[in-house]
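Note sheet for the following structure.
Letters A, B, ... mirror the listed sequences (proteins, then strands); counts begin at 1. Just so it is clear, the values below take in all heavy atoms, side chains as well, and ignore hydrogens, waters and symmetry mates. Note that this is a predicted model, so its numbers are computed, not measured.
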2 protein chains.
Amino acid sequence: MAIPRAAKTQRRTRIQEEKEELILEAALEVFSSNGFRGSTIDQIAEAAGMSKPNLLYYFRTKEAMHRQLIDRVLFTWLEPLRVMDAEGSPEAEIRSYIRRKLEMARDFPRESRLFANEILQGAPHIEDELTGPLKELVDEKAEVIRTWAKAGKIAECDPYHLIFSIWSTTQHYADFDVQVRAVLGRSKADENRFENAALFLEQLFLDGLKLR
Amino acid sequence: MAIPRAAKTQRRTRIQEEKEELILEAALEVFSSNGFRGSTIDQIAEAAGMSKPNLLYYFRTKEAMHRQLIDRVLFTWLEPLRVMDAEGSPEAEIRSYIRRKLEMARDFPRESRLFANEILQGAPHIEDELTGPLKELVDEKAEVIRTWAKAGKIAECDPYHLIFSIWSTTQHYADFDVQVRAVLGRSKADENRFENAALFLEQLFLDGLKLR
DNA sequence: TGTATGTTTTACCAACCGGTCAAATTATCG
DNA sequence: CGATAATTTGACCGGTTGGTAAAACATACA
C-alpha cells in the first residue's frame, strides 16, 4: 500500500530526494518571478517536468513548497552577516560584508526576489522568524558595530540603519534588476554593473563611516 | 440607452470623477498589499463600497485600474529627482533629495510598494516607461552629478549607482517596513525610525561623497 | 412630465485553481 | 520471480475569479 505522502516514510528514498530538489528548484523559479499567489501549482509542475498530482505527492500543498523555500533562503541569506567578526578589523569586515551581499544579489537573484516578495506582502508566513532569529542576529551584530564606534574605529552611527542600508543597496541589484538594466541601457555600464556597484558602495560606506 | 462604459462619454460626470477616484484609492490599498495577481476585483469593490459589476462599469478590467495607478505613481515618484537643481549647491540638493525620498517612503508607502511589486515581477506592464522617460530623466541628472564631480564639488563617483543607492535606501523603509519594524521591535528606535534613518543617511551620503 | 442618458444591481458563466481519488505503473528486495 | 511498497497519471470536484447580460433604477433637462 502506498503511504499517503512521501514525507511520512521514515527514510527518504533516493528518488524522493532528487524529486524534492527538482521541485524546489522549479518552485523557486516560478515563485520568485510571480509571487506566491501569482504562481500556480501547474506552472511549477510543468517547470519541474511532472504532473500536478505527482508534485503534490511530494509536497502536500503549495504553502509547503513555499515555506520550505523561504526557510532555506532566510537561513543562507543571513550567512554573510553571521560571519561578521567582532575581532576583525572594522574596515575589512564591513568591506567584505558588502562584497558578500552583492555577490549573493548577483548569483542568487531569485532567492532575493522570493524573499522580497514575501516581505513586501507583509511577511504573512514568517513574522515569527523576523522577530525571532533575525532580530536576535541583527541585535548581536549591531552591538558589535556599536562597540567599534565607541572605540573610535568607525564613525558614530546608528548600527541598525547601517545594516538596513547595506541590505537595501545590495539587494537592489537583484530585486530591481529590471529597473537597473533599463536605466543603464545596453552598455558597458550595464555589463559591469556589479563591479561598478561594488566600487561605488565600497567608497560610499568606507568614506561615509570615516574608515579610511 | 446606457453607454457601454463611462470612459466612452465625451465629458466625465461629477459622479464618474468621484467614483473613479474612490476606486483608485481602494485599488491602491488592495494592490499594494497583495500584489496584482493576489488582489481580486471583489476585494477592491468591497474596499470601495460598491458591487463588482458597478466597479467594472468604471474600469473595464483589473488591468485598467492597475495600469492607471502605476502610471500615476511613476510620475509623482520621480518628482524629487526632477526638482534636483544643477545650479543649486550639491550638498543642499543631495540632502534635500534624500529627505524628500524618505518623506515619500513615510507618507506614501502604498505607492512605493505598488511600484516595487511591479518591478519585482519583471515590470511586465511598464518596460517602455522604464527605458523611456525614466532613463531619460536619470541620464539627465546623472550628467548633473558628473558635472559636480568634475568641478571638484563632490567626490568622484558613478552617478548612476549613487542614484540607485539613494532610491534603495529610502524606499527600503516603505517596501521592507515589516522587516524594519520586526528588527527594531517595539521601541523608541521603531517610533523614530524615519528621523533616525534621515540622520544616518545624511551622514552616510554627505561623508561618503566628501561633502562636508 | 417625459424621455434620453447615466448608474447600479441581480443573476449568471466559463475558465482557472488547489487539491483528491483510485487505479495504473514502476522500483525494491527477499 | 513474486510480492510489497513507492511513484505516477488521468479524471474529477468544489470553490474562486474575471467578466458579462439585461433589466431596474436614478438623474438631468427640454
Side-chain angles (χ1 to χ4, degrees), chain A residues 1-24 26-27 29-31 33-70 121 124-125, chain B residues 1-24 26-27 29-31 33-70 121 124-125:
Chain A
M1 185 202 80
I3 288 165
R5 297 293 164 185
K8 282 206 177 173
T9 56
Q10 310 198 333
R11 259 206 294 185
R12 289 164 74 220
T13 324
R14 176 182 46 84
I15 292 184
Q16 274 174 34
E17 228 152 310
E18 283 174 14
K19 292 280 160 110
E20 282 177 19
E21 215 43 53
L22 191 70
I23 291 170
L24 287 176
E29 184 68 30
V30 175
F31 280 141
S33 51
N34 303 107
F36 180 75
R37 288 229 25 201
S39 307
T40 70
I41 300 184
D42 274 309
Q43 286 176 317
I44 299 171
E46 195 191 332
M50 63 178 73
S51 66
K52 182 168 65 168
N54 194 11
L55 185 153
L56 286 166
Y57 171 73
Y58 292 101
F59 291 89
R60 257 195 259 286
T61 64
K62 194 177 157 186
E63 269 87 2
M65 277 181 277
H66 191 251
R67 178 75 205 202
Q68 193 155 329
L69 276 176
I70 288 273
Q121 322 244 327
H125 307 97
Chain B
M1 184 203 80
I3 288 167
R5 298 293 165 186
K8 282 208 180 173
T9 56
Q10 311 199 333
R11 260 207 291 183
R12 289 165 72 220
T13 323
R14 177 183 45 84
I15 291 184
Q16 275 176 34
E17 228 153 310
E18 285 174 14
K19 292 279 161 109
E20 283 176 16
E21 216 43 56
L22 192 68
I23 291 169
L24 286 176
E29 183 68 30
V30 175
F31 280 141
S33 51
N34 303 107
F36 181 75
R37 288 230 25 198
S39 306
T40 70
I41 300 184
D42 274 310
Q43 285 176 319
I44 299 171
E46 195 191 331
M50 63 178 73
S51 67
K52 181 170 66 168
N54 194 12
L55 184 154
L56 286 167
Y57 172 73
Y58 293 101
F59 291 89
R60 258 196 257 287
T61 63
K62 194 178 157 186
E63 270 88 2
M65 279 181 276
H66 191 250
R67 177 76 206 201
Q68 193 155 328
L69 277 177
I70 288 271
Q121 324 242 326
H125 306 99

Fill in the blank from the handout: Taken to the nearest whole Å, CG/Leu56(A) to P/dC13(D) is 18 Å

Practice task
Supply the atom-to-atom distance Gln43(A) CD to Ser33(A) OG, rounded to the nearest 0.5 angstrom.
Solution key: 8.0 Å

Problem - Side-chain N,O (Lys19(B)) to OP1/OP2 (dT8(C)) below 4.0 Å - result: yes

Problem - Atom-to-atom span, CD1 of Ile23(A) to P of dT7(D) - whole angstrom - result: 11 Å

Problem - Interatomic distance where CG belongs to Asp42(B) and P belongs to dT17(D) [whole Å] - result: 7 Å

Completion exercise
note: Ile44(B), atom CD1; dT16(D), atom P; distance rounded to Å ~ 18 Å

Exercise for the section: Evaluate the ring planes of Phe31(A) and Phe36(A), with Trp represented by its six-membered ring, and classify them as parallel (under 30°), tilted (30 to 60°) or perpendicular (over 60°). Expected result: parallel

Problem - Under the side chain to side chain donor-acceptor pair (under 3.5 Å) test, residues paired with Gln121(A) that sit two or more places apart - result: Asn117(B)

Exercise for the section: Please check the phosphate of dT7(D) (OP1 and OP2 only) for any side-chain N or O of Gln16(A) closer than 4.0 Å. Expected result: yes

Report all interatomic pairs (protein N or O, nucleotide N or O of nucleotides 9-16 of chain C) with separations under 3.5 Å.
{"residue": "dT9(C)", "atom": "OP2", "partner": "Ser51(B)", "partner atom": "OG", "Å": "3.3"}

Exercise for the section: Please test Thr61(B) against Arg67(B) for side-chain contact (heavy atoms from CB on, under 4.5 Å), starting from the C-alpha separation and ending with a verdict. Expected result: CA-CA 10 Å; Thr61(B) 63; Arg67(B) 177 76 206 201; over 6 Å; no

Practice task
Determine, stepwise, if the pair Glu46(A) / Lys52(A) fulfils side-chain contact (heavy atoms from CB on, under 4.5 Å).
Solution key: CA-CA 8 Å; Glu46(A) 195 191 332; Lys52(A) 182 168 65 168; over 6 Å; no

Handout entry: side-chain N/O Tyr58(A) vs dT8(D) OP1/OP2, d < 4.0 Å
Key = yes

Fill in the blank from the handout: Separation between CD (Glu20(A)) and CZ (Phe59(A)), nearest 0.5 Å, reads 5.0 Å

Fill in the blank from the handout: Separation of dG18(C) atom C1' from Gln43(A) atom CD, nearest Å, is 13 Å

Practice task
Let me know the distance between CZ of Arg60(A) and C1' of dT7(D), rounded to the nearest Å.
Solution key: 16 Å

Handout entry: Length of the line joining Glu63(A):CD and dC17(C):C1', which is rounded to integer Å
Key = 13 Å

Problem - N or O in side chain of Tyr57(A) less than 4.0 angstrom from dT8(D) OP1/OP2 - result: no

Practice task
Only counting residues at least two apart or in another chain, list the ones meeting side chain to side chain donor-acceptor pair (under 3.5 Å) with Glu29(A).
Solution key: Arg110(A)

Handout entry: Length of the NZ-P vector between Lys62(A) and dG18(C), whole Å
Key = 4 Å

